[in-house]
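Every heavy atom of this structure was used, including side-chain atoms; hydrogens, water molecules and symmetry mates were not. Each chain gets a letter, A, B and so on, in the order the sequences are listed, and its residues count up from 1.
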Protein chains: 2
Amino acid sequence: MHKVTSLEIAELAGVSQSTVSRALRKSPLVNPETRRRIQRIAREHNYKVDRSASNLRSQHSRTIAMLVHEESGMDSDINPFFVSMLASITRAAAARNYDVLLSFQQLSKNWIADYENSNKAEGIILLGYGGYTDYIRKIELLDNAHVLTWGPVIDGQPGHFVGCDNRRGGYIATRYLLELGHTRIGFLGDISDDCPEFKDRYSGYCDALLQAGLSVDPELQASSHSSMHSGHLAARELFSRGNGFSAIFSSSDLTALGAVHAVQKENLSIPEDVSIVGFDNIPSATHMSPALTTVRQNTVKAGEVMVDTLLRLVRGDYVESQLIQPELIVRDSCGPV
Amino acid sequence: MHKVTSLEIAELAGVSQSTVSRALRKSPLVNPETRRRIQRIAREHNYKVDRSASNLRSQHSRTIAMLVHEESGMDSDINPFFVSMLASITRAAAARNYDVLLSFQQLSKNWIADYENSNKAEGIILLGYGGYTDYIRKIELLDNAHVLTWGPVIDGQPGHFVGCDNRRGGYIATRYLLELGHTRIGFLGDISDDCPEFKDRYSGYCDALLQAGLSVDPELQASSHSSMHSGHLAARELFSRGNGFSAIFSSSDLTALGAVHAVQKENLSIPEDVSIVGFDNIPSATHMSPALTTVRQNTVKAGEVMVDTLLRLVRGDYVESQLIQPELIVRDSCGPV
DNA sequence: CTGAAAGCGCTTACAG
DNA sequence: CTGAAAGCGCTTACAG
């Protein structure tokens with residue numbers, strides 16, 4: 001199959017190659033009628049501008065790279081939330097005429113440098129989970145590169161971040177449970193410095209309790225990372241402590257899914273005996289029974305903000321970390337105490 | 001930040017630009033010592049070959065495109081199985097020095113043509129679900145393009161496919177349940193022509209039953225596509241028919257997850273009252289309780305086979321559809337009748 | 001509004 | 001084993 005070039009389109013249209021190039025780039029310099037004719041001929045011949053040539057000449061790849069990194073290897077639960085983010089970012093990029101290169105790997109300084117130095121991508125979006133402290137150490141080495149991370153937004157941290165207002169998310173979830181009359185509310189999630197996002201959700205949980213005149217009982221918190229298995233274990237630990245609780249705020253939906261199993265194993269009903277609120281609004285949250293009340297992180301918006309922010313970074317504009325506002329989605333997993 | 005070129009590396013190394021190019025491409029023509037020196041200098045200056053220039057000159061993009069398409073829009077369950085495939089394909093491509101462009105969108109003839117005509121990608125991998133009949137109609141329009149699909153392998157179908165030996169998978173799952181003494185085995189999955197993969201799994205199920213001297217009871221089959229919600233409904237339908245069964249073979253793990261919920265809602269225990277076998281071996285299958293016995297589709301192998309097959313297609317080699325052999329993973333969700 | 005021309009940074013056939 | 005040179009297919013400054 002012969003490859004059509006702009007020169008051939010030019011001959012067919014009876015104009016110069018430069019005019020073809022201008023016409024297809026919608027340059028205002030070209031006579032509208034000429035432009036239309038050229039576009040028609042290009043379409044008829046399935047002509048597409050060669051991206052390598054275009055990139056080389058213009059020194060822009062119009063491509064961003066998306067790196068999904070995991071500390072723990074591939075056999076862990078991949079959080080469906082990240083899959084949504086992946087899709088949103090890809091769509092947002094497409095809408096701005098950018099392509100997305102995908103890579104799954106450990107985070108390495110080389111990988112990042114390679115993508116920019118080789119002109120494969122103008123900037124990089126990092127999605128992942130795992131230890132924050134390790135992570136931030138690697139990010140520090142990269143401050144010249146155009147790298148944007150989905151994650152916790154913390155004052156003074158190196159690098160550029162976009163993330164959810166986790167504290168606010170924790171607050172609205174807990175306040176909702178308080179309004180239903182619950183006073184003994186469990187919290188499922190790792191609140192160490194290595195998980196600042198969960199820690200912030202916990203802070204919001206504490207804010208709500210204190211504001212309601214209640215105290216925070218550390219016995220009601222059980223560590224869990226974002227997986228069904230881990231959530232199941234954490235909920236069981238809460239039960240085994242025997243302190244009694246009528247509601248659970250789970251720092252992720254996957255964790256909540258595991259907790260639901262644990263509750264049902266105790267022959268308790270949701271929401272009659274135990275109310276549960278999750279975090280993320282993954283697709284399964286709608287489909288499980290009872291449908292899960294949860295805190296939605298707006299992935300569509302997040303994807304757009306991330307792409308726009310990255311492109312500003314690429315242009316050299318000043319960029320601040322940004323917070324996406326979460327929102328409570330009320331479904332069937334919570335009831336009055 | 002100044003961009004380093006091969007010409008500058010050449011000056012630093014005291015050789016010509018062509019020699020730098022050869023050295024970095026590991027050409028045997030270059031004196032080994034010279035090559036090492038050039039490589040060292042390139043490394044020290046963070047030099048990376050400009051991909052646009054390299055691609056333009058060599059007329060190869062060393063990139064494949066991966067299109068994840070959905071009939072049903074983004075708010076459906078994304079099957080974790082596809083996420084594994086995505087990751088495996090990306091890793092396999094990376095191992096072969098290929099980049100992966102990602103796109104989520106409806107399947108369109110244009111999209112495909114654009115990627116090849118613009119030299120963005122040498123070939124395309126299609127991952128998705130939804131109606132097979134619609135799908136095959138679109139594939140038929142593309143037979144010149146380098147497109148490979150993960151899906152059902154059917155004699156005489158247009159296009160190029162790699163898929164799991166679904167019939168065999170259905171057979172080994174059902175045979176295992178038969179060996180445990182089950183004779184009334186439910187099947188969850190859509191067996192219409194629009195879902196040839198599930199239909200094949202059902203054929204394998206029938207094979208095993210017939211081979212054991214049992215007949216196939218259509219009342220024991222309930223339609224379901226691959227989601228928790230749909231699996232939950234299908235299992236409930238099976239219960240409501242009141243025919244009695246002691247085991248369920250579910251045509252996907254997501255469906256099995258929904259069925260587990262339905263069984264537990266009936267106050268029945270797994271595996272004491274009902275045994276369940278799934279299909280896919282998604283990460284949650286390990287983590288749920290009881291851990292799910294399932295048919296594993298080897299996504300790592302599948303990713304490698306897909307990339308290799310696509311690259312052969314790109315080279316113009318003759319390519320046959322290929323089957324990946326499934327394997328039964330025994331966990332805790334099945335017991336003797 | 002249009003064309004001729006330069007040049008982006010490589011790869012590789014050709015000559016030695 | 002090495003270098004000089006052509007050329008991949010565009011974009012865009014320059015001249016008209």
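Protein atom CG of B:Leu29 is 13 Å distant from nucleotide atom C1' of C:dT11, rounded to whole Å. Distance B:Arg51 CZ to C:dT11 C1': 14 Å, rounded to the nearest Å. Across the protein-nucleic acid pair, B:Ile9 atom CD1 and C:dT11 atom P stand 13 Å apart, rounded to whole Å.
Side-chain N/O atoms of A:Tyr98 and A:Glu122 include a donor and acceptor closer than 3.5 Å. Judged by distance alone, the side chains of A:Gln39 and A:Tyr47 never bring a donor and an acceptor atom under 3.5 Å apart. Looking at A:Ser21 and A:Ser18, their side chains never bring a donor and an acceptor atom within 3.5 Å of each other.
Atom NZ of A:Lys48 is surrounded by 12 or fewer heavy atoms from other residues, nucleotides or ligands within 6.0 Å.
Between B:Glu33 and B:Arg37, none of the side-chain N atoms (NZ, or NE/NH1/NH2) sits under 4.0 Å from a carboxylate O, so this pair counts as no salt bridge.
Scanning both residues, A:Leu310 and A:Leu148, for their nearest heavy atoms gives N-CD2, 3.8 Å.
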Base versus backbone protein contacts along nucleotides 3-10 of chain D [heavy-atom cut-off under 4.0 Å; B, S, -]:
BBBBBBBB
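Base pairing of D:dT2 is made with C:dA15, judged by Watson-Crick or G-U wobble geometry with both donor-acceptor distances under 3.5 Å.
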